[in-house]
Every structure is written in structure tokens, then in C-alpha cells.
Amino acid sequence: MDYKETVFLPKTEFPMKAGLPRKEPEILKIWEEINIYQKLREQRKGSEKYILHDGPPYANGNLHIGTALNKILKDIINRFQSMLGKDANYVPGWDCHGLPIEWKIEEQYRKKGKDKDTIPIVEFRKECRDFAKKWMDIQSQEFQRLGVCGNFKNPYTTMTFDAEASIANEMGKFLLNGGLYRGSKPVMWSVVEKTALAEAEIEYEDHKSTTIYAKFEVKKTNLQNVDGAYIIIWTTTPWTMPGNRAVAFSKEINYSLVRIKKIADDSLAKNNDLIIIAKDLVEDVAKNCKILEWEEVSSILGHKFDETILSHPLNNYGYSHDVKMLPADFVTVEQGTGFVHIAPGHGEDDYFLGKKFNIEVPETLAGNGKLLDHLPLFGGMHVLRDNPKIADIMSEKNSLIGRGELIHSYPHSWRSKAPLVFRNTPQWFISMTTNNLKETALNEIEKTQFYPEAGKQRLYSMIENRPDWCLSRQRAWGIPIPVFVNKKTGEPLRDKIVIDRIVSSFKKGGSDAWFEIPASNYLEPEYDANDFEQIQDIADVWFDSGSTHAFVLEDRDDLKSPANLYLEGSDQHRGWFHSSLLESVGSRGVAPFEGILTHGFVLDDKGRKMSKSLGNTVNPQDILRDYGADILRLWVAGSDYYEDLRIGPEIIKHHTDHYRRLRNTLRYLLGSLNGFQENEKIDYSDMPQLEKWLLHRVNEVNNSVREKIEGYNFHSIYTEIHNFCTIELSSFYFEIRKDLLYCGDPNSLERRGCRTALDILFNHLTAWLAPILCFTAEEAWQCYINDKENSIHLKTIPIAVNNWNDEALNIKWKRIRFIRSLVLAEIEEARNNNVIKSSLQAKVEIKLSKEDKDLFENLIAADIFITSEVSFSIEKIETPKITIENADGNKCSRCWKILPEVKPDGLCNRCEDVVKIYCS
RNA sequence: AGGCGCGUAGCUCAGUUGGUUAGAGCGCACGACUGAUAAUCGUGAGGUCGGCAGUUCAAAUCUGCCCGUGCCUACCA
């Protein structure tokens, strides 16, 4: 007779094959139907808030794998916090202003043959706004497809009128507290377009420059025997000579004092002149300047040039200022003379070095590329065309020892392809020293919790070493710096009334108002608009996103500031973490976050960065289509995201394998719990020992999960859950309990106890997994309770029941499992020797110590080993000795155990009873 | 070139203050079961702990150098 029908086999609707790409959108639809985000807010109302403030992605282009990582990680954290019972309210945001969008619009213009400069600025900005909106909507859909739960109906963006007004208001705070000032700094300038260019708008191409070796006579020095000697510099930009104010040397370099003995006929050098150049470059300079013979008079260590003052090469022609010699790290002996001429208005290094030593920054260049008229000898000359002429003049005035030409890589404009120059232009800055901004920011970093810890050092040293924040950009798509400058005094107007007017007008019409509404509306009646210059610069977009704490965290009633956590890729140490900290500290004196978590970058499976040219990019869209979001989420949870993380076909396969184990565990639980009812539950005290052990372990894992949430150790949670499912559930507990579940008496305390424990286990497991496998956990949960409104994501992780803790029991079962592993190994051996085939055919004889034997008191050892018979004999040995033989008796047709009581083709006593009661 | 990181089995990760023979799971191989079945169970083989040198009785762990790699800067007179 076939007893299969009488066996209580697992039964469930939960399919083994997930079909996530099809299933997930269905679940998303249900969540939308029941409005789960809103529901969660209502349910968690009044609970402790947990605010992970979203760093806004830039609204252009589709979701890529890095963003997917970022968003999933944020979602996992929010869901775990929510599962702890907190009100984890996530408001996603977008960064909307800035150059990349401006470019796209310009590109569209170029295609249509339109010129950007002929388009009214407000119209141009409108197109940028529409572009940002379009991508925001696309990305919003993509983020939600990943399972991200948040306020997608009302996200924040940096371009709403409220946000623009609020950001302008923040700039107003810096204006009023004195932190914002007008300074100047050399920027990459295109003399063709008459505009500053951003780093990204620059391309490097070969360019032919006129080079000169110019001589600076030593005027005052502590050095001996250098009277009348010349320091020689080399430059590829002769036009910067009028702006020269210093010469840089390196303390580490050895220099030579050289007397020129013989020169070629066409050399510009003079016999008997004493020149000073780096020792390593003497040959090189001599060759380039056609010096045929020379002698080294002495050598000079670099650091001795301190305090030395030189004369400008054109000292006698209107350039009579002192030229200081300054030490600088960036001076090398790779090229030139080992001295670098410093024109603070025409180079980044030059500017900062000059600033450090309080050297004036002269203005020498007009926006159209012409040297200013008042400059002696060179007024009106053009920086790109007249370099040979400048070299001629200097040569005439006996201020060179050589000249030449050099083809080298040089910055050019992306648009016009014209060479660029560094030009000193007025810019707005936020001072790092006013109001102790830097110091306070560093203190706030000390108070911040960093995950991982190394982030603290990184942010700290960046803030510590950064110069003042240059806030202005010469651009169109962004928030204007809302400042008026008094034409007479050059001072910015610092008046709260005016700022308030600007802010309220931005609130009504957005920051376009700056370009549309006449200045008089803001200034009058207190001031006369004619007395003021209206600033046309746009604020650095980092100021926008740096202000999100103000217009998101502070302005929304359902959020709070400071946020519990800011979480971004490690590149944001220089970006959002940085600007948010400075903005908040500068305006409020405190950091906007309590913690910072950084994740690494996504690399390919070999650890190389992804690039189109290598063809190793991984598209999240492909993974969603082929595997589903839960697989991507599992990849995030299973990786150590503090470091860079890898992805590729093999790694995806690895995670789908792990997914199957988790899914099958859920499936087996659901199958085993088929028909489980409240009245089947029994008390803990009535449960078998094995179930008590299981509940102890459930408690242990539960505590561990809770603890690891606090430290954001999700890959550790993942590993622990996976190992628990594999080692303790699937291959141990489930394996042992199959007999009881399939064949046991449904009314027995043993089987009811087992199912009660399985129910508890299922409740825990789905709660642990829900934040990671948000779709699968919901699917399994719904399969169990069948109540759409009652989503798994509304639940919390169960509170540990102290009663279940029994460490002594755990230690006992560790030993039992060890003995079991010895038995299984012997069974395998017996199988290989053809003694038995299946383990139920085995009779196990164990020689073991009394202590070990006592472990099995009141337990059915055969069940634990999944054999039919076990006999013990006590011996004084440490490790049990096991022999395997064939079990005595016949095979029970229902439970397949081999027992003496069973008649051929018959049933064992237990099965006979069960069949009689339940299957007739 | 500089600043901050990283490098442990094919894959994802553990390895406490230096201390036996470097661990886990997956994958792989072999086997079992056919009552979790495109599942489940068992057994097993996989590592010069990126390389070299040093400190030490003892190094995956501490130090130095090198190689590879990632992020951020600087790519210049």
C-alpha cells in the first residue's frame, strides 16, 4: 500500500522559483494601493525619529550601479530602523542646478544652430529647469523599482521656489555675519568667449609657446658673494611678466652660482655675467641659452634664499617694485631653472603662494585678453598673439639670457578650442577664518560618528587644509548670489531688510526674480538703486546641496535636524559632507549630522573601475530585468560596502545561489506550517528540548541582528542569517524534524511544539530579512497571513523573550551536534563500503563517556542522527567511537524507519496509530 | 606626483591586544535521497594571507620598501 497520502508533506503556494522580475512590480503595485509610506508614517507617529538625510543625486541620466548601491543601502538602513520601531522617514531629493545640465541645453542649441548668448537668460534657465524635471521623474521611477521606500510623492529638490529662496536666505546669513566677502582669484579664462570656464570645460591640447629665460638681479640678500648676480627664471607665458611679484625656490634643491665665460654669436646672455640656477639644470640652460663655456663659482643650498629680494628684469622701465624670493614645495628641477616666477594673478600655485606671504595680486589683464593700458612697455598687447613681441622688448632691454619655443600640452576651451589663460577675477568667498568657521567645523567633526572610522581623518584633513570657499560661478543655471555692492565704497550691502525682500520674491517666482525684477524693488525706499551694482554671479551648486539641512530637515515638520545620518560614496568627503558641514557650521555653528557613513565605489569583478572603453560596466537595469531587485539588494547587503565593492556575472550568480537558500528556507517553513492555527500553539515549558534549543538560538540571532543594525554591519547580518538557515536550520533542525512533521501525531505535544517554534521562527526570519529582501519577505509574509493591508514592512523585529535564553542548553547541544557530526562521517564511510545506502538503514553503536551519554537522557538519539537505531555503551574515552551496522527489522512503509516491530510491508506502531486516527 | 584607503581559498566574507595545523558559507568534485525535487542531505579537495626585507622565541596581524588597485587633489612655471 502507498502511504504517501497519509504523510503530512509540506504544502505551500510559495513557489520555489521566484520570478522576481515579474513578481516585484506586482508587489510594488500593492504597496502603492495601500499607500504603505503614508501608513508607516501613521503607525510610527510619535515614535523616536530616525532621519537618514538623502544626499541629492544629480538630475541627469539614468540610474547607474553606483546610485543603485547608494539608494539600496539607504533603504536597507531605513527599513531596519523602522523594524526597530523608529519613525524612519526618508525624503528623497535631487540636485538640479549646475553646469552639466547647462551644457546639455547648450548642446541642443548648437545642434539647432542657435547661439546661447542670444537667448534671454530666463528662457535659458526655463529649459534647464524642464530638463532637470524630466530626469528627476525618470530617476524617481527607477529608485522605486529598486524597492526604495520614501516620500516620492513629495520629494525635495534644490530648484523649487521655496528651496531657491531658502538657499538665498542662507547666503544672506553669510553676508550678514561677515563670512561672505569679495576677493579675487585666478580662474581659467577664455579671452575669446570672455568668460571663466569650469574645470570640466577645459581640454588639453598641444600649443606652441614663446619661452624666455629672464634675469632678476639680486638686490638684497644674506648670501655671500652674489653681488650683481642674476636669478634666472624660465616661463612659457612672457605676458605674465608685468604681473610678476615674486620668485619661488625650493629649499631642497641645490643651486649653482655660474659665471658665463663664452657665448655663441646669437646668444642673449652676456659674458662674465653671474647667474644662479639649479645645479641639475645648468647644462640644460646653457644649451638653450647658447652659453658655450662657463664655470661654477660656488654652490648654494636652496634654503639660503630666504629673505632675498630681487629686482624685476624691467626694473628701470617702470617695474621698480621689489620681487621677493619665496620657498615653495611645487618647485622642481624637471624643467626650467629651478626657480619659478610668481605672478599671483595668473596661476593657482602663484595665487596661493602669494596669499600665504601677503603678496599683492596685481590686475594686469582685461577680459578681452589685452594687457591693461597703464602697464609700461606692454599696455594693449594681446596675451595670445604678442608673446614674441614681449620677448623682443625684454630682450632689447637686456633682461633675458635666452628665448625659444616650446610645444606642450596646454588648456584650451572646450567650445571655441582657443587657448586659455589664468586671469585674476573678482569672486565671492566664504572665509574659513571669519567667525572661526574652520575651527568650529573641525570641532564638529570630532563630535561626529564616522562609519568607517577612517572617514573622520579624511574629512578633517580636507577641512583643515582647504582655502576659503569660492562661492561664485560665472554661469546661468543656478541661484544668483543675492548681493548688491556699493559702487562708491565697493562694500557689499549688508541689510536684513533687503535680503528678506529678495527671499520673499524668490519664494513667489523662484530665483529668476533676480533677473526679472528691477533692483529698485529690492533696494528702495532705503537705498538708491543707482548707487549699487547688482551681482550677476551664480552660486556654486555645492552651496545648494550644502543647504539641504536648512530647507529640508528644518523646514519639514516631519523631519529633524541634525540628521542621524548622512550616507554617500567616499568621494563626498570633498563634496556634500564637506559643503553641508561648512554651510551649517557657518550659519548655525553646528554640524547638520550626527553620523556619516561612506561606502566605496563599484568596480568590476576583477577590481578594475568600470568604463565604457573597457566594456566592463554593469547596468542595474539588466540585473533588474534578468534577476530582480532583491538580488541587487542581496548583493549590497552581502558586500563590505565600507570598501570598494565588486560586481560581475560570477558575483551575481553567487548571490542568486544565496538567495535560493533563503527562499527555500522560507518555503519550507511555509510548507511545514500549512494549516497552522492559533489553538495549535503550546507553551514554551511544554516544548521538547530541541525546540527550546531552537528558540534560544532564535533569540541569540535576534539580539545579534539588533546589535549589528546599530553598527550598520549588514554584511555581517547577512552572513549570520545565511549560516543560521544553512547550518542550524536546513541541515540540522529541519532535517531532524522531518520525521515528526511528516509522520508524527498532529495532536502530540512534540509536533505542536515543533510547529509553534516554526511559527516563531518564521516571524523572526521574515522580519530580519524584510529590510534586505523587501519583496521576497513580503511575498512570503503575505503567503502566510494573506492580508494585503498588513504588510511585513509595518511590523517590527520581535522583542527577545528572556525566558528562552538557556546557554547551558546551547552548550549541551553543541556537544550533541559534534557527536552527530562524527556519526554522519561514519555513516558516509559505511555508505562508501556498501554497508548501507540510506542513513535510516543504519544502526549506530556508540562508545562514549558517561558525561556524553548523559547528554542524550530523555532524547531520542536515533531521531537526532536520522538513523533507525542507536545503542550506547559507556567507556572512558574522550572522543566517542562509532560503528555502523544494518538496523534490525523491516522498513515501515510510512516513515521508512527500520524497526523490529514492523512486519514486512507493514507499519510501525507510531504510524499505525496516526494513520488510524487521522487518515481513515 | 601628493593625501586617504584596499589587497586572506574560484566567489562573498571572518580572523579579537602578534601565540597551536589560517576559518565560515557558497561554488566545485564525489556520493545519497527521490516525502523541501531546477530542492534537500553527507563527505572531500581548495590558501606562499599581493611581493621582498626587518623586529620578535613567535607575524595574515607590527615596521620599511616594492607591486597592483580605488577615491580625492595636483598635472604646472
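Keep in mind that the numbers below use all heavy atoms, side chains included, and drop hydrogens, waters and symmetry copies. We name chains A, B, ... by the order of the sequence lines, and we start the count at 1 in each one. This one's a predicted model, so the numbers in the text were calculated from it and none came from an experiment.
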For B/rG19, give its Watson-Crick or G-U wobble partner with both distances under 3.5 Å, or none. B/rC57
Test for a donor-acceptor pair under 3.5 Å between the base of B/rC26 and the side chain of A/Arg661, counting only N and O atoms. no
Kindly point out which of B/rC11, B/rC72, B/rA36 is positioned nearest to the side chain of A/Phe734? B/rA36
Donor-acceptor pair (no angle test) under 3.5 Å: A/His658 side chain, B/rG27 base: no
Say we look at B/rC67 and B/rC11: how far apart would their P atoms be, to the nearest angstrom? 24 Å
A/Phe8 six-ring centre to A/Arg894 NZ/CZ under 6.0 Å and within 45° of normal: yes
With a 6.0 Å cut-off on ring centres, are A/Phe216 and A/Phe339 close enough? no
Which nucleotide, in any strand shown, forms a Watson-Crick or G-U wobble pair with B/rG70, with both distances under 3.5 Å? B/rC4
Base partner of B/rA39, which must satisfy Watson-Crick or wobble distances under 3.5 Å: none
Considering only atom C1', compute the distance from B/rG54 to B/rU17 and round it to an integer number of Å. 22 Å
Does B/rC26 have a Watson-Crick or wobble partner in any strand here, with both distances under 3.5 angstrom, and which is it? B/rG10
With a 3.5 angstrom cut-off on both distances, give the Watson-Crick or G-U wobble partner of B/rC76, or none if there isn't one. none
Base B/rA36 to side chain A/Ser730, donor-acceptor N/O within 3.5 Å cut-off: yes
Centroid distance below 5.5 Å plus an interplanar angle below 30 degrees: do A/Trp896 and B/rG35 meet both conditions? yes
Is the terminal nitrogen or CZ of A/Arg820 (NZ for Lys, CZ for Arg) located under 6.0 angstrom from the six-membered ring centre of A/Phe732 and within 45° of that ring's axis? no
Exceeds 12 heavy-atom contacts within 6.0 angstrom, atom NZ of A/Lys738: yes
Per the O4'-C1'-N9-C4 / O4'-C1'-N1-C2 angle with a 90° window around 0, B/rG46 comes out syn
Rounded distance in Å between the P positions of B/rU8 and B/rA14: 11 Å
Is it true that the NZ or CZ of A/Arg663 lies under 6.0 Å from the centre of A/Phe14's six-membered ring and within 45 degrees of the ring axis? yes
For the P atoms, the ones on B/rG15 and on B/rG7, what distance do you get once it is rounded to whole angstrom? 12 Å
With rounding to the closest Å, how many angstrom separate the C1' atoms on B/rC13 and B/rC49? 14 Å
Mind checking the P distance from B/rG42 to B/rA24? Whole angstroms is fine. 14 Å
In whole Å, measure the gap between the C1' atoms of B/rG23 and B/rC4 for me. 30 Å
